[in-house]
Amino acid sequence: MKTQLTISIDPIDEAALVKRREMGDGMGAVVCFSGVVRGREGHASITAIDYEAHEEMARHQFGLIFEAIEQRWPVDSVRLVHRLGLVPVNEPSLWVEVIAPHRAEAFAACQFLIEEMKQKVPIWKKPLPA
Amino acid sequence: MKTQLTISIDPIDEAALVKRREMGDGMGAVVCFSGVVRGREGHASITAIDYEAHEEMARHQFGLIFEAIEQRWPVDSVRLVHRLGLVPVNEPSLWVEVIAPHRAEAFAACQFLIEEMKQKVPIWKKPLPA
Amino acid sequence: MIITVQFWSYFADYTGCKKTEIETENGTTLAKLHERVCEQFPKLAEAKNSTLKAVGVNYQDDDFMLSDGDEVSFFPPVQGG
Amino acid sequence: MIITVQFWSYFADYTGCKKTEIETENGTTLAKLHERVCEQFPKLAEAKNSTLKAVGVNYQDDDFMLSDGDEVSFFPPVQGG
């Protein structure tokens with residue numbers, strides 16, 4: 001399974017990521033997820049979220065999740081980008097792509113990856129009030 | 001709910017579609033699916049799939065599925081492109097994007113849309129042997 | 001009355017035509033029309049149980065009562081995606 | 001032995017520092033170290049039950065036996081995405 005992990009303060013350029021996609025032989029399904037900063041956190045209006053990571057540990061924990069995916073589904077490729085620092089409202093903080101032979105496993109692996117991340121990967125957010 | 005349906009023989013330009021995305025206020029989740037033509041159908045090697053549609057009925061049936069989504073989930077936008085005619089191996093025949101406030105409903109609506117399409121939308125494929 | 005009948009996907013190969021007109025008596029149901037085309041094109045009869053039936057842009061049940069000028073489609077299971 | 005301790009997210013606001021060194025006797029468990037920092041920084045004690053604990057890049061249980069030079073992290077529930 002190919003994996004590509006980017007943790008960076010740079011904006012996520014989804015069109016560029018899509019252009020760089022490489023489809024392996026026999027792969028029929030691509031599922032992408034973008035998590036976008038919303039204008040509200042709970043009841044408060046915000047302008048951005050400031051993301052902080054324990055980056056070394058985050059990379060290791062993402063690696064463990066990728067290994068779990070590889071053992072469970074015939075996924076050919078996982079690419080994940082998590083932005084750190086200030087992410088303005090309406091911009092993505094997370095982009096995930098899973099490529100697999102069929103759609104059921106691509107959807108399952110993509111959702112598993114995000115759910116595991118939200119339990120285990122040491123990234124935190126601090127909302128910036130409007 | 002905004003909807004955009006394209007049924008066309010033109011290649012699907014996913015990067016261009018991503019660039020034209022419009023995020024509504026309060027939307028936090030984007031799920032995209034690409035269905036790509038694989039090099040095998042059953043046990044046979046193929047070079048392409050020739051897609052045929054009862055186009056008027058297909059448009060109507062997609063519309064009914066979009067209405068069902070709108071009634072069931074707080075989805076803000078659905079865009080769907082289905083290519084017709086010859087689609088070579090490794091190129092997408094289908095691209096779907098669902099935008100919603102949260103990821104659970106975006107994933108659910110996207111999967112529902114594809115499953116309903118595979119039951120109801122009059123499109124057929126003819127594989128071209130290698 | 002006159003019903004326009006369309007065959008889609010490999011059903012058009014079975015019948016040798018994509019579209020035909022059938023003259024039938026008033027009060028003909030969709031099921032009755034289906035039987036009639038299966039008699040006319042015997043290969044269609046082999047796929048009878050998996051045949052999908054639409055009038056215009058909507059799926060209809062067997063007991064749907066046809067009207068003059070209706071456009072009926074017969075086709076195999078769909079395969080979009 | 002010397003353990004490096006890091007506090008992440010709002011835990012660093014609670015303690016007023018992101019990183020500190022703590023000298024402790026051999027055979028100290030992760031739970032014991034956690035109690036010790038909660039005594040030193042009382043606001044951390046309020047979040048004690050929801051605190052996540054890692055040594056290096058791995059989560060560890062309360063009975064994990066610390067070694068000289070270990071880097072321990074204490075942090076609130078994660079919020080990636």
Side-chain angles (χ1 to χ4, degrees), chain A residues 12-42 45-46 49 74 76-77 87-115 117-118 125 127, chain B residues 12-42 45-46 49 74 76-77 87-115 117-118 125 127:
Chain A
I12 299 176
D13 184 344
E14 295 180 69
L17 285 158
V18 167
K19 275 192 181 154
R20 283 199 297 271
R21 178 185 303 154
E22 288 171 29
M23 289 300 293
D25 260 9
M27 294 302 123
V30 183
V31 172
C32 292
F33 174 79
S34 305
V36 176
V37 173
R38 304 167 72 206
R40 314 202 128 249
E41 267 290 295
S45 277
I46 64 166
I49 288 180
D76 185 54
S77 161
V87 183
V89 164
N90 254 356
E91 292 189 21
S93 52
L94 172 68
W95 183 84
V96 184
E97 179 197 71
V98 174
I99 304 179
H102 304 100
R103 81 178 184 290
E105 57 231 19
F107 273 110
C110 188
Q111 288 173 281
F112 173 84
L113 171 47
I114 298 165
E115 274 150 34
M117 176 195 74
K118 286 185 174 279
K125 49 192 195 182
Chain B
I12 299 176
D13 184 343
E14 294 179 72
L17 286 158
V18 167
K19 274 192 181 155
R20 284 200 296 272
R21 178 184 303 155
E22 287 172 28
M23 289 301 293
D25 260 8
M27 295 302 125
V30 183
V31 172
C32 292
F33 175 79
S34 306
V36 175
V37 174
R38 304 165 72 207
R40 314 201 128 252
E41 265 295 289
S45 275
I46 63 166
I49 289 180
D76 185 54
S77 162
V87 183
V89 164
N90 253 356
E91 292 189 22
S93 53
L94 172 69
W95 182 85
V96 185
E97 178 197 71
V98 173
I99 304 179
H102 304 100
R103 82 179 186 289
E105 57 232 19
F107 273 110
C110 187
Q111 287 174 280
F112 173 84
L113 172 47
I114 299 165
E115 274 149 32
M117 176 196 74
K118 288 187 174 277
K125 49 192 195 181

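Computation of the quantities below employed the complete heavy-atom set of this structure, encompassing side-chain atoms and omitting hydrogens, waters and symmetry-equivalent molecules. Below, chains carry the letters A, B, ... as their sequence lines are ordered, and counting in each starts from 1. Because the structure is predicted, anything quoted here is derived from the model rather than measured.
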Less than 3.5 Å apart, which donor and acceptor atoms pair up between the side chains of residues 22-29 of chain A and the rest of the protein, not counting sequence neighbours?
none

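If you measure heavy-atom distances from Val36(B) to chain A, the contacts under 4.5 Å come from both the backbone and the side chain.
Of the listed residues (His102(B), Arg103(B), Lys19(B)), the greatest number of heavy-atom pairs within a distance under 4.5 Å of chain A belongs to Arg103(B). Taking Ala16(A), Ser34(A), Ala15(A) one by one and counting their heavy-atom pairs under 4.5 Å with chain B, the maximum is reached by Ser34(A). Most heavy-atom pairs under 4.5 Å with chain B: of the set Leu17(A), Asp13(A), Val31(A), this distinction falls to Val31(A).
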Legend entry - Worked verdict on Cys110(B) versus Phe107(A) for side chain to side chain contact (heavy atoms under 4.5 Å, CB included): CA-CA 10 Å; Cys110(B) 187; Phe107(A) 273 110; 3.8 Å; yes

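At a heavy-atom separation below 4.5 angstrom, chain A is approached by Asn90(B) within residues 88-100 of chain B.
In terms of the side-chain contact (heavy atoms from CB on, under 4.5 Å) criterion, residue partners of Arg40(B) (sequence neighbours excluded) are, by chain and number, Ser45(B). For Glu105(B), there are no salt bridge (Lys or Arg N to Asp or Glu O under 4.0 Å) partners two or more places apart in sequence or in a different chain.
A salt bridge links Glu14(A) with Arg21(B): at least one charged nitrogen is closer than 4.0 Å to a carboxylate oxygen.
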